[in-house]
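See below for the structure under consideration.
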Amino acid sequence: MTKKNEAQIDILLANIIKGIEEVKGSDIDILDLRQIDTAVCDYFVICNGNSNTQVNAIVNSIQKTVSKELKDKPWHVEGTDNGEWVLMDYVNIVVHVFQKQIREFYNIEGLWGDAKITTIPNNY
């Protein structure tokens, strides 16, 4: 797995967001972790689904969009069995797809409080 350059990362980020929006994932936040020494990647993308079915639909939509547009696939995916919190590792970008109450419980944004957070408004 090679590190991507900034332009490639931006395109990947845009396609991940597009994949989330295709199936109406909500509360999309992008955490920019590039200034944090201990961060394992450049960005976290966090969003919600309303049920395990929607969480898995969001994951499938992200994979399909990124695969179609960039011929890229996640290095690792876990959590699809119960669909409460699915983690998708694209090396530079890690996507967290949560059910709302699980997201509130783990509070990733709070844990990474030093990150610059960009919220993507829902257009639906």
Side-chain angles (χ1 to χ4, degrees):
M1 280 283 149
T2 54
K3 287 281 266 184
K4 294 174 175 55
N5 68 39
E6 250 178 80
Q8 291 171 308
I9 294 169
D10 288 348
I11 293 167
L12 176 58
L13 202 50
N15 279 283
I16 288 169
I17 301 301
K18 181 178 166 191
I20 295 168
E21 291 177 336
E22 291 278 318
V23 288
K24 299 190 174 13
S26 60
D27 300 323
I28 305 168
D29 283 338
I30 300 169
L31 279 62
D32 184 341
L33 307 171
R34 292 173 297 177
Q35 303 304 316
I36 301 174
D37 294 339
T38 55
V40 293
C41 61
D42 295 331
Y43 294 97
F44 279 166
V45 176
I46 305 173
C47 70
N48 294 352
N50 296 319
S51 63
N52 53 357
T53 305
Q54 189 185 19
V55 165
N56 284 320
I58 293 166
V59 169
N60 291 335
S61 178
I62 293 169
Q63 286 183 308
K64 205 164 64 186
T65 304
V66 170
S67 174
K68 190 177 130 209
E69 300 293 329
L70 306 175
K71 309 286 182 262
D72 198 357
K73 60 186 198 312
W75 177 70
H76 186 72
V77 177
E78 63 185 68
T80 51
D81 291 347
N82 64 13
E84 291 180 351
W85 173 7
V86 179
L87 182 142
M88 307 174 73
D89 186 348
Y90 280 96
V91 184
N92 299 84
I93 301 172
V94 174
V95 184
H96 301 268
V97 185
F98 283 104
Q99 286 188 43
K100 189 174 175 49
Q101 72 279 11
I102 306 291
R103 179 176 179 174
E104 287 167 0
F105 179 80
Y106 285 103
N107 187 17
I108 302 270
E109 291 93 335
L111 292 174
W112 293 89
D114 294 345
K116 182 175 162 281
I117 299 180
T118 304
T119 299
I120 307 293
N122 291 347
N123 297 324
Y124 34 80

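Computed over heavy atoms, backbone and side chain alike; hydrogens, waters and symmetry mates excluded.
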With a 4.5 Å cut-off on side-chain heavy atoms, are Asp89 and Val77 touching? no

Check Gln54 against Gly25 and note the closest heavy-atom contact, atom names and distance. NE2-N, 4.1 Å

Decide whether Val55 and Val66 are clustered together by the hydrophobic rule: side chain heavy atoms of Ile, Leu, Val, Met, Phe, Trp, Tyr closer than 4.5 Å, transitively. yes

Gln8 side chain to Asn5 main-chain N or O, any donor-acceptor pair under 3.5 Å? yes

Using only atom types and a distance under 3.5 Å, with no angle test, would you say the side chain of Lys24 pairs donor to acceptor with the backbone of Glu21? no

Of all heavy-atom pairs linking Tyr43 and Arg34, the shortest is OH-CZ, 2.9 Å

Does a salt bridge link Glu22 with Lys18, judged by any charged N lying under 4.0 Å from a carboxylate O? no

Test your reading of the model: is there a side-chain donor-acceptor pair from Gln99 to the backbone of Gly83, 3.5 Å cut-off? yes

For the pair Gln63 and Tyr90, evaluate side-chain contact (heavy atoms from CB on, under 4.5 Å) and give the outcome as yes or no after the intermediate values. CA-CA 10 Å; Gln63 286 183 308; Tyr90 280 96; 4.0 Å; yes

Heavy-atom donor-acceptor pair, Arg103 side chain to His96 backbone, under 3.5 Å: no

Apply the test side-chain contact (heavy atoms from CB on, under 4.5 Å) to residues Leu87 and Val94: give CA-CA distance (whole Å), side-chain angles for both, the deciding distance (0.1 Å), then the verdict. CA-CA 7 Å; Leu87 182 142; Val94 174; 3.8 Å; yes

Given side chains that start at C-beta, do those of Leu12 and Asp10 come closer than 4.5 Å, heavy atoms only? no

Treating Ile, Leu, Val, Met, Phe, Trp and Tyr as nodes and any side-chain heavy-atom pair under 4.5 angstrom as an edge, say whether Val45 and Leu70 lie in one connected cluster. yes

Reported CG-to-CD1 distance for the pair Asn50 and Ile58, which is rounded to 0.5 angstrom: 8.0 Å

Linking I/L/V/M/F/W/Y whenever any side-chain heavy atoms sit under 4.5 Å apart, do Ile102 and Met88 land together? no

Using a 6.0 Å cut-off, check whether atom CD of Gln35 has over 12 heavy atoms from anything other than its own residue. no

Any chance you could measure Asp32, atom CG, to Asp114, atom CG, to the nearest 0.5 Å? 12.0 Å

If we ignore hydrogens and angles and just use 3.5 Å, is the side chain of Glu69 paired with the main-chain N or O of Thr65 as donor and acceptor? no

Identify whether Ile108 and Val95 are in the same connected component of the hydrophobic contact network (ILVMFWY, side-chain heavy atoms under 4.5 Å). no

Shortest non-hydrogen contact from Asn56 toward Val86: OD1-CG2, 3.9 Å

Does a donor on one side chain and an acceptor on the other come within less than 3.5 Å for Asp29 and Thr119? yes

Kindly indicate, with the supporting measurements, whether the criterion side-chain contact (heavy atoms from CB on, under 4.5 Å) is fulfilled by Ile46 and Leu31. CA-CA 8 Å; Ile46 305 173; Leu31 279 62; 3.9 Å; yes

Could you report the tightest heavy-atom contact between Ile28 and Cys47, atom names first, then the distance? CG1-CB, 4.0 Å

Do the side chains of Val23 and Trp85 join up, straight or via other hydrophobic residues, at under 4.5 Å, putting them in one cluster? no

Which heavy atom of Asn122 sits nearest to which heavy atom of Asp27, and what is that distance? OD1-N, 3.7 Å

How far apart are the closest heavy atoms of Leu33 and Ala115, and which atoms are they? CD2-CB, 3.6 Å

Stepwise side-chain contact (heavy atoms from CB on, under 4.5 Å) check, Asp42 with Ile93: CA-CA 6 Å; Asp42 295 331; Ile93 301 172; 5.7 Å; no

Any Asn52 side-chain heavy atom under 4.5 Å of Asn82 side chain: no

Working to the nearest 0.5 angstrom, can you tell me the gap between Gln101 CD and Asn48 CG? 9.0 Å

What I'd like to find out is whether the side chain of Glu109 reaches to under 4.5 Å of the side chain of Asn107, using heavy atoms alone. yes

Roughly how far apart are Asn92 CG and Trp75 CH2, rounded to 0.5 Å? 12.5 Å

Rounded to the nearest 0.5 Å, what separates atom OG in Ser61 from atom CD1 in Ile16? 11.5 Å

Distance, nearest 0.5 Å, that separates CH2 of Trp112 from CD1 of Ile117: 12.0 Å

